[in-house]
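For clarity, every value in this text was computed on a predicted model and none was experimentally measured.
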Amino acid sequence: QVQLSESGGGSVQSGSSLKLSCVADEYYLSVNCMGWFREAPGQEREAVAAIYTGGTMTYYTDSVKGRFTVSQDNAKNTMYLQMNNLRPEDTAMYYCAASSLRCRPSTWFWQSEYNDWGQGTQVTVSS
């Protein structure tokens with residue numbers, strides 16, 4: 001089991017930027033796909049982005065393409081989510097997740113693909 005810890009959330013104005021971080025523990029070597037999900041009040045958790053830990057393949061949900069960038073620093077066991085031009089509809093609790101399976105275009109957004117989850121970090125965007 002991989003322990004994950006998110007940070008970097010906050011309250012910002014529309015159009016601002018935030019960078020989220022997700023640090024994994026030593027079991028990170030067993031991870032092949034890392035993902036970011038978010039859950040807004042009263043809504044279902046949705047996939048935001050994912051990255052293949054063994055390469056550079058990244059995946060994004062349509063609503064964040066061109067605004068969010070997922071990246072990683074394997075030397076630090078850390079995944080990032082750079083969020084630019086934030087909108088009020090981006091307000092949510094953001095979670096990182098780890099999968100022992102390799103990211104695939106048809107399944108990276110399935111919560112069931114991920115074994116381990118962090119506790120989340122809150123992002124609030126006001127207009």
Side-chain angles (χ1 to χ4, degrees):
Q1 187 173 6
V2 180
Q3 300 294 322
L4 303 169
S5 179
E6 306 96 333
S7 63
S11 295
V12 297
Q13 296 283 329
S14 181
S16 299
S17 299
L18 283 174
K19 187 174 185 177
L20 306 184
S21 299
C22 173
V23 180
D25 65 10
E26 65 272 16
Y27 293 102
Y28 184 72
L29 291 176
S30 65
V31 176
N32 283 294
C33 182
M34 292 283 288
W36 286 102
F37 288 74
R38 65 186 180 187
E39 185 173 343
Q43 298 185 24
E44 294 185 357
R45 190 173 297 189
E46 64 170 350
V48 176
I51 187 166
Y52 168 49
T53 60
T56 58
M57 287 297 294
T58 57
Y59 305 87
Y60 298 93
T61 193
D62 287 346
S63 62
V64 307
K65 285 180 180 177
R67 300 188 299 123
F68 291 11
T69 303
V70 61
S71 62
Q72 62 189 349
D73 184 340
N74 286 341
K76 297 181 179 180
N77 292 0
T78 302
M79 174 180 65
Y80 304 99
L81 185 67
Q82 177 67 47
M83 305 185 296
N84 298 329
N85 192 21
L86 282 161
R87 304 167 180 169
E89 53 264 40
D90 295 317
T91 294
M93 184 71 78
Y94 283 71
Y95 299 90
C96 69
S99 174
S100 58
L101 304 174
R102 183 168 175 170
C103 302
R104 292 177 292 174
S106 58
T107 61
W108 73 268
F109 44 86
W110 290 355
Q111 295 183 52
S112 59
E113 290 285 288
Y114 298 84
N115 312 102
D116 302 293
W117 295 79
Q119 295 299 308
T121 185
Q122 178 68 38
V123 173
T124 302
V125 185
S126 57
S127 57

For [X] against [Y], the heavy-atom pair lying closest together:
X	Y	result
Val31	Ala98	CG2-CB, 3.8 Å
Ala50	Val70	O-CG1, 3.6 Å
Tyr95	Gly118	CD2-O, 3.5 Å
Phe109	Phe37	O-CE2, 3.7 Å

**Message:** Is there a side-chain contact (heavy atoms from CB on, under 4.5 Å) between Tyr114 and Leu101? Walk through the geometry before answering.
**Reply:** CA-CA 8 Å; Tyr114 298 84; Leu101 304 174; over 6 Å; no
**Asked** Within the distance-only criterion (no hydrogens, no angle test), does the side chain of Gln3 pair as donor or acceptor with the backbone N or O of Asp25 below 3.5 angstrom?
**Response** no
**Message:** Using modelled atom types and a 3.5 Å cut-off, is there a donor and acceptor pairing between side-chain atoms of Gln119 and backbone atoms of Ser5?
**Reply:** no
Donor-acceptor pairs are to be reported for all side-chain atoms of residues 14-22 against protein atoms at under 3.5 Å, with residues two or more places apart or in another chain.
{"unit_1": "Ser14", "atom_1": "OG", "unit_2": "Leu86", "atom_2": "O", "d": "3.4"}
{"unit_1": "Ser16", "atom_1": "OG", "unit_2": "Gln13", "atom_2": "O", "d": "2.9"}
{"unit_1": "Ser17", "atom_1": "OG", "unit_2": "Asn84", "atom_2": "OD1", "d": "2.9"}

**ILVMFWY clustering at 4.5 Å (side-chain atoms), partners of Tyr80** = none
**Results of side-chain contact (heavy atoms from CB on, under 4.5 Å) for Arg67 - residues two or more places apart only** = Val64, Asn85, Arg87, Asp90
**Message:** Using the side-chain contact (heavy atoms from CB on, under 4.5 Å) criterion, which residues pair with Ser30? Sequence neighbours excluded.
**Reply:** Val2, Tyr27
So, using side-chain hydrogen bond (donor to acceptor under 3.5 Å, both in side chains) as the criterion, who are the partners of [X] when residues are at least two apart?
X	answer
Glu39	Arg45
Arg102	none
Tyr94	Arg38
Ser11	none

**Prompt:** Phe68 and Trp36: aromatic ring centres closer than 6.0 Å?
**Reply:** no
**Fill in**
Contacts satisfying disulfide (SG to SG under 2.5 Å) that involve residues 28-71 (not counting sequence neighbours) are Cys33-Cys103
**Item:** Euclidean distance, Asn74 CG relative to Met34 CE, rounded to 0.5 Å
**Value:** 9.5 Å
**Request:** Could you name each residue pair satisfying side-chain hydrogen bond (donor to acceptor under 3.5 Å, both in side chains) that touches residues 48-59, not counting sequence neighbours?
**Result:** none
**Request:** Would you kindly confirm whether Val48 and Trp110 end up in one hydrophobic cluster when ILVMFWY residues are joined by side chain heavy atoms under 4.5 Å apart?
**Result:** no
Using residues 120-127 as the side-chain source, report each donor-acceptor pair under 3.5 Å to any protein atom, sequence neighbours left out, with the distance given to one decimal.
{"unit_1": "Thr121", "atom_1": "OG1", "unit_2": "Gly9", "atom_2": "N", "d": "3.1"}
{"unit_1": "Gln122", "atom_1": "NE2", "unit_2": "Ala92", "atom_2": "O", "d": "3.4"}
{"unit_1": "Gln122", "atom_1": "NE2", "unit_2": "Thr124", "atom_2": "OG1", "d": "3.4"}
{"unit_1": "Ser126", "atom_1": "OG", "unit_2": "Val12", "atom_2": "O", "d": "3.4"}

**Asked** Quick one: salt bridge (charged side-chain N to carboxylate O under 4.0 Å, His left out) pairs with a partner in residues 111-127, sequence neighbours left out?
**Response** Arg104-Glu113
